[in-house]
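All values below come from the heavy atoms of this structure, side chains included, with hydrogens, waters and symmetry mates left out. Just so you know, ligand 1 is whichever comes first in the structure, and atom 1 is the first atom listed for that ligand.
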Amino acid sequence: MRFPLSMTAGMASYIARNKLRPRPEWQRDLSSPAGPAGPFRIVQPWRPHPMIGKRFPLVLMLEPLHACNLTCTGCGRIREYHSTLGRRLTVEQCLAASDECAAPVVSICGGEPLLYPEIGALVTALLARNRRIYLCTNGLLLRKHLGEFRPDARFFFNIHLDGLEQTHDRLVERPGVFREAVEGVKAAKRAGFKVSTNTTIYRETDMREVEALLEFLDPLGVDGYMLSPAYGYTAVGDREIFMTREDVQEKFKDIDRLARRFRLNSTPSYLDFLQGKRDLPCTAWGNPTYNPMGWKGPCYLITDAHFQSFEDLMTQTPWESFGRGNDPRCEHCMVHCGYEPSAALGINGQPGDNLRLLHWVLR
Ligand code: SF4
Ligand code: SF4
């Protein structure tokens with residue numbers, strides 16, 4: 001995720017502090033070592049990366065509610081939590097979760113966060129705690145609720161757009177959503193807000209259309225673009241829309257050219273991973289998820305348990321049992337919430353990474 005330089009420096013200092021003084025109780029493995037195909041498979045075995053065995057959170061995925069005003073084809077949330085869609089967290093629970101986990105970035109997602117009645121108060125309180133915030137929305141209610149927020153360099157609206165009008169409206173299963181979301185983008189930019197967009201890449205996605213979407217959005221002043229491979233949710237029955245690792249690498253093979261043209265929010269190392277140019281281990285503890293059922297473990301995609309405290313999530317999850325080669329559910333996973341922390345932490349780093357990262361930040 002891309003923030004102004006001063007905030008990126010703050011994130012670098014947070015990472016350095018945790019590297020130097022990792023919490024010992026979070027580093028214990030609960031099952032036997034997974035072997036060479038485990039989640040910590042290191043490309044340079046002669047120089048194990050110092051981040052191995054140093055678990056801590058970077059981004060809190062905060063889901064105040066799962067209710068939504070859409071029923072998108074690829075959405076795991078509204079399916080997995082269909083029986084508890086009426087539940088929501090209180091603002092106090094959200095803030096307690098943020099305090100407990102202390103991740104410097106909070107991604108407020110859901111469900112549709114703009115349906116959360118206290119969303120303005122929640123964002124204000126998180127900013128008062130100096131959190132950097134991405135509010136992930138489908139954009140349908142953005143114009144209506146804009147007055148509940150104040151522009152801040154630490155606060156982004158992250159608007160879900162999976163293609164141009166026809167494609168997007170088909171994937172969200174309702175006509176008119178694309179147009180309203182784009183009106184929301186324009187209104188937010190006019191009002192001085194930071195705006196990014198989030199595009200999920202499915203098996204059927206035409207990457208030329210994605211490029212056309214970014215060409216359409218750039219003149220509107222969009223500050224950054226996130227392109228993510230679709231999650232293979234077990235809760236979504238239609239397996240045909242999700243991709244294998246090979247499919248993902250094929251889709252992202254031309255991503256460097258797009259990254260030169262547009263401000264992509266993904267780090268250069270994560271883009272390398274999506275293209276198959278480097279291996280990364282899963283570091284799911286870097287993006288923990290909190291929702292009305294509790295702390296979701298092990299990750300944003302897989303639910304083996306809900307824990308009542310962040311401490312329990314960190315100490316009772318057998319982290320070393322997940323990742324490619326350990327759990328069949330992880331086999332084709334390349335999602336940003338599992339692998340972007342690995343890139344940000346410099347795992348499996350290569351010569352020149354720091355320069356590329358600096359260039360990415362400065363852009
Ligand atoms: S807008 Fe988001 S939460 Fe709502 S159905 Fe679509 S993907 Fe799911
Ligand atoms: S599904 Fe993905 S993010 Fe979750 S543990 Fe497996 S590899 Fe990591």
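- If you take CE on M61 and SG on C101, they are separated by 11.5 Å, rounding to the nearest 0.5 Å.
- Remark: R170 is not positioned above the aromatic ring of Y202, lacking an NZ or CZ atom under 6.0 angstrom from the ring centre and at most 45 degrees off the axis.
- Within the protein, the number of N, O or S atoms lying under 2.8 Å from atom 4 (Fe) of ligand 1 is 1.
- Less than 6.0 angstrom separates the ring centroid of F310 from the ring centroid of W26.
- A distance-only check finds a donor-acceptor pair linking the side chain of K54 to the backbone of K19 [under 3.5 Å].
- A donor-acceptor contact closer than 3.5 angstrom links the side chains of E112 and N138.
- The aromatic ring centres of Y81 and H306 sit less than 6.0 Å apart.
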Checking E311 against R23 for the salt bridge (charged side-chain N to carboxylate O under 4.0 Å, His left out) test, could you report, in this order, the C-alpha distance in whole Å, the side-chain angles of both residues, the deciding distance, and whether it holds? CA-CA 11 Å; E311 198 62 27; R23 291 266 303 273; 2.9 Å; yes
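- Protein atoms that are N, O or S and lie under 2.8 Å from atom 8 (Fe) of ligand 2 are these: C282 SG.
- The cationic atom of R77 (NZ for Lys, CZ for Arg) lies less than 6.0 Å from the six-membered ring centre of Y300 and within 45° of the ring axis.
- Classification of the Y290-W295 ring pair by plane angle, with boundaries at 30° and 60°, yields tilted.
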